[in-house]
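What follows is a single structure, written as structure tokens, with notes after it.
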Amino acid sequence: MLETLGAALAALHFAAPLAYYAAAKRWLKTPWRLRRDHTYTPTVTVAIPTYNEAGHIEEKLDDVYRQDYPRDKLEIIVVDSASTDGTAERAKRWAEAHPDLNLKIIREPERRGKAAALNKALAEARGEIFVITDADCRWPQRDAIRRAASLFADPAVGAVTCLKKPTADGPAGVEAGYRSRYNLLRLAESKKWSTPVFHGELAAYRTELLRKIGGFPPDVGADDSHTATKIALDGHRAIAAEDLWCVEAVPRDGYHRWRIRRAQHLIQHLAKTPLRRAPPSMRPILAAEKYLHLANPWLLPAAAALMAISATPAALTLMAAGAALLALRPYRTWVVAQLYLMAAAARNLWNKELVWEKQRK
Ligand code: GDD
Ligand code: MN
């Protein structure tokens, strides 16, 4: 009895994501149903939040400077939250050396988190499109802003994000496999309607919609995803663009802490997103993502516990098989991600990590 229940939970744990993946592959084959215009160049504000980014800020500003976008339509706002490593001074020196770029630096006297900093930039933004980008990521494409902007030619689009390439594989070679699966899901969801997962490496929003939803949430770590999803719940599309790439820096140390913190933020975001307000085409996406991130991971230890208690030969064989499969990379990647999600859910009970430690990249 226990053994059967355990096996059923394990089967559900693996079948649910596979079923969602199969649905996503079907969505991926459907058309975008969007009108994109590559000559569309609205005014753009690029906001760069920084906390101790002295090692990255100049390269980041160079990236933005290299963008092939009309200069007179581009405004950059760096919001530095009391960095102690001279980030703001470096940004200031860079600005003096590049007077042809409209760059403003806001210095917060104390650190109150990324969302609060972005809201400062939003209050001063003059662009029709508000782009956020982390200081420690790279834009390999010179037309990144142009590509993102071209999608806003369609009034249905409220937010646009990039796909991600990691610079280095994490321990156990987990990061790259996780990313390719993730990118496929983001695109499929975007084609169906909207993706609830956005990336702070490049997330672009219609400024008026951001203001309408009250800016970035100070109580949800995944500020990028949460704002995009709110915009999608309001009936606009929040999409990942298939030809927009960002390179994200993977930390040299503290990799597990980093993954857990980001999982914590994603959980906060999905837990706070109400399903009932979702437009019909968004509902299956949100329901699946909520289930997969909030409930499904826990079926794994529940199944293992039931089988261990029952201790029948069949149950023990199944458990041994489950352990042996860890030699296979996609399976191992999956199991590791479940462990991060469970650790993150537990950690959210005492520390939401809304203001987090800066990891060296
Ligand atoms: N101004 C300001 N104030 N900026 C901050 C603060 C703050 O208190 N905290 C972090 N930042 C800046 C960092 O300097 C960086 O430019 C960006 O926000 C992202 O922070 P990282 O420390 O690099 O975090 P990450 O690499 O894990 O970022 C990813 O996860 C976050 C959520 O967990 C990205 O996707 C982020 O966009 C996302 O917010
Ligand atoms: Mn980062």
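Read the numbers this way: they start at 1 and go in the same order the structure lists the ligands and their atoms.
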Side chain, backbone, both or neither: which applies to E108 and ligand 1 if a contact is any heavy-atom pair less than 4.0 Å apart? neither
Is the backbone of G158 close enough, under 3.5 Å, to the side chain of R206 for a donor and an acceptor to pair up by distance? no
Tell me, which protein residue and heavy-atom name are nearest atom 12 (C) of ligand 1, and how many Å apart are they? P49 O, 3.4 Å
Between W139 and Q67, do the side chains contain an N or O donor and an N or O acceptor separated by less than 3.5 Å? no
Hey, mind stepping through K164 and E201 against salt bridge (charged side-chain N to carboxylate O under 4.0 Å, His left out) and telling me if it holds? CA-CA 8 Å; K164 292 214 270 197; E201 285 75 13; 3.3 Å; yes
Shortest protein heavy-atom distance from atom 22 (O) of ligand 1, along with the residue and atom involved: W356 NE1, 2.8 Å
closest protein heavy atom to atom 31 (C) of ligand 1 is R261 NH1, 3.9 Å
At a 4.0 Å threshold, what atoms of ligand 1 neighbour a non-hydrogen atom of G200? 35 (O), 37 (O)
I'd like to know if the side chain of R33 reaches the main chain of K191, judged simply by a donor and an acceptor atom lying under 3.5 Å from each other, with no hydrogens or angles considered. yes
List the closest protein heavy-atom neighbour of atom 37 (O) of ligand 1: residue, atom name, distance to the nearest 0.1 Å. K114 NZ, 2.6 Å
For ligand 1, the portion of D134 having any non-hydrogen atom under 4.0 Å away: both
Answer yes or no: does an N/O atom from E53 fall short of 3.5 Å to an N/O atom of ligand 1? yes
Is it true that a side-chain atom of S194 and a backbone atom of I239 form a donor plus acceptor pair closer than 3.5 Å? no
For D224, the ligand 1 atoms whose distance to one of its heavy atoms is below 4.0 Å: 35 (O), 36 (C), 37 (O), 38 (C), 39 (O)
Which residue owns the protein heavy atom closest to atom 29 (C) of ligand 1, what's the atom, and how far is it? R262 NH1, 3.0 Å
Is it the case that K290 and T273 place a side-chain donor and acceptor less than 3.5 Å from each other? no
Has A222 got any heavy atom lying under 4.0 angstrom from an atom of ligand 1? no
Taking K114 for its side chain and W356 for its backbone only, find out whether a donor-acceptor pair lies under 3.5 Å. no
What protein heavy atom lies closest to atom 8 (O) of ligand 1? Include the residue and the distance to one decimal. R111 NE, 2.7 Å
Can you tell me if Q268 uses its side chain to pair, donor with acceptor, with the backbone of K352 under 3.5 Å? yes
Where does I132 meet ligand 1, judged by heavy-atom distances below 4.0 Å: at the side chain, the backbone, both, or neither? neither
Under 4.0 Å from any heavy atom of D223, which atoms of ligand 1 are there? 39 (O)
Within the structure, is a non-hydrogen atom of V355 found at a distance of less than 4.0 Å from ligand 1? no
Of all the atoms in ligand 1, which lie at a distance below 4.0 Å from a heavy atom belonging to G113? 3 (N), 7 (C), 8 (O)
Measure the distances from the heavy atoms of H199 to every atom of ligand 1 and state whether one is below 4.0 angstrom. no
Look at R107 together with E89 and state whether they make a salt bridge at an N to O cut-off of under 4.0 Å. yes
Rounded to the nearest 0.5 angstrom, the CD-CG distance for E189 and L184 is 9.5 Å
For T50, take its heavy atoms, then give the atoms of ligand 1 lying under 4.0 Å from any of them. 1 (N), 2 (C), 4 (N), 14 (O)
Atom 1 (N) of ligand 1: nearest protein contact (heavy atom, Å): S81 OG, 2.7 Å
Do Y340 and W258 have ring centres separated by under 6.0 Å? no
Determine, for K272 against D219, whether the closest basic-nitrogen to carboxylate-oxygen distance falls under 4.0 angstrom. yes
CH2-CD1 distance between W94 and I105, expressed to the nearest 0.5 angstrom: 9.5 Å
Apply side chain to side chain contact (heavy atoms under 4.5 Å, CB included) to K120 and E108, showing your working. CA-CA 9 Å; K120 283 244 166 91; E108 290 194 299; 3.0 Å; yes
Select one of side chain, backbone, both or neither to describe which atoms of A117 lie under 4.0 Å from any atom of ligand 1, heavy atoms only. side chain
Considering only the protein, which heavy-atom contact is closest to atom 32 (C) of ligand 1, and what is its distance? H265 ND1, 3.1 Å
List the steps, then state whether salt bridge (charged side-chain N to carboxylate O under 4.0 Å, His left out) holds for K358 with D85. CA-CA 12 Å; K358 181 73 212 170; D85 66 350; over 6 Å; no
Report the protein N/O/S neighbours of the Mn ion (ligand 2) that fall below 2.8 Å; do not count waters. D136 OD1, D136 OD2, K361 NZ
Less than 3.5 Å apart, which donor and acceptor atoms pair up between the side chains of residues 41-50 and the rest of the protein, not counting sequence neighbours?
unit_1, atom_1, unit_2, atom_2, d
T41, OG1, K73, NZ, 3.0
T43, OG1, E128, N, 3.0
T43, OG1, E128, OE2, 3.0
T45, OG1, E75, OE1, 2.5
T45, OG1, G127, N, 2.9
T50, OG1, D80, OD1, 2.7

For D136, counting its heavy atoms only, list the atoms of ligand 1 lying under 4.0 Å from any of them. 23 (O), 26 (O)
Report the hydrophobic cluster partners of I231, with the cluster defined as I, L, V, M, F, W, Y residues connected by side-chain heavy atoms closer than 4.5 angstrom, directly or transitively. L118, L122, F130, I132, F198, Y205, L209, L210, I213, F216
V220: hydrophobic cluster co-members (side-chain, 4.5 Å): none
Side chain, backbone, both or neither: which applies to N52 and ligand 1 if a contact is any heavy-atom pair less than 4.0 Å apart? neither
Contact region, K358 to ligand 1, non-hydrogen atoms below 4.0 Å, reads side chain
Taking only non-hydrogen atoms of V79 and a 4.0 Å limit, the atoms of ligand 1 in range are 1 (N)
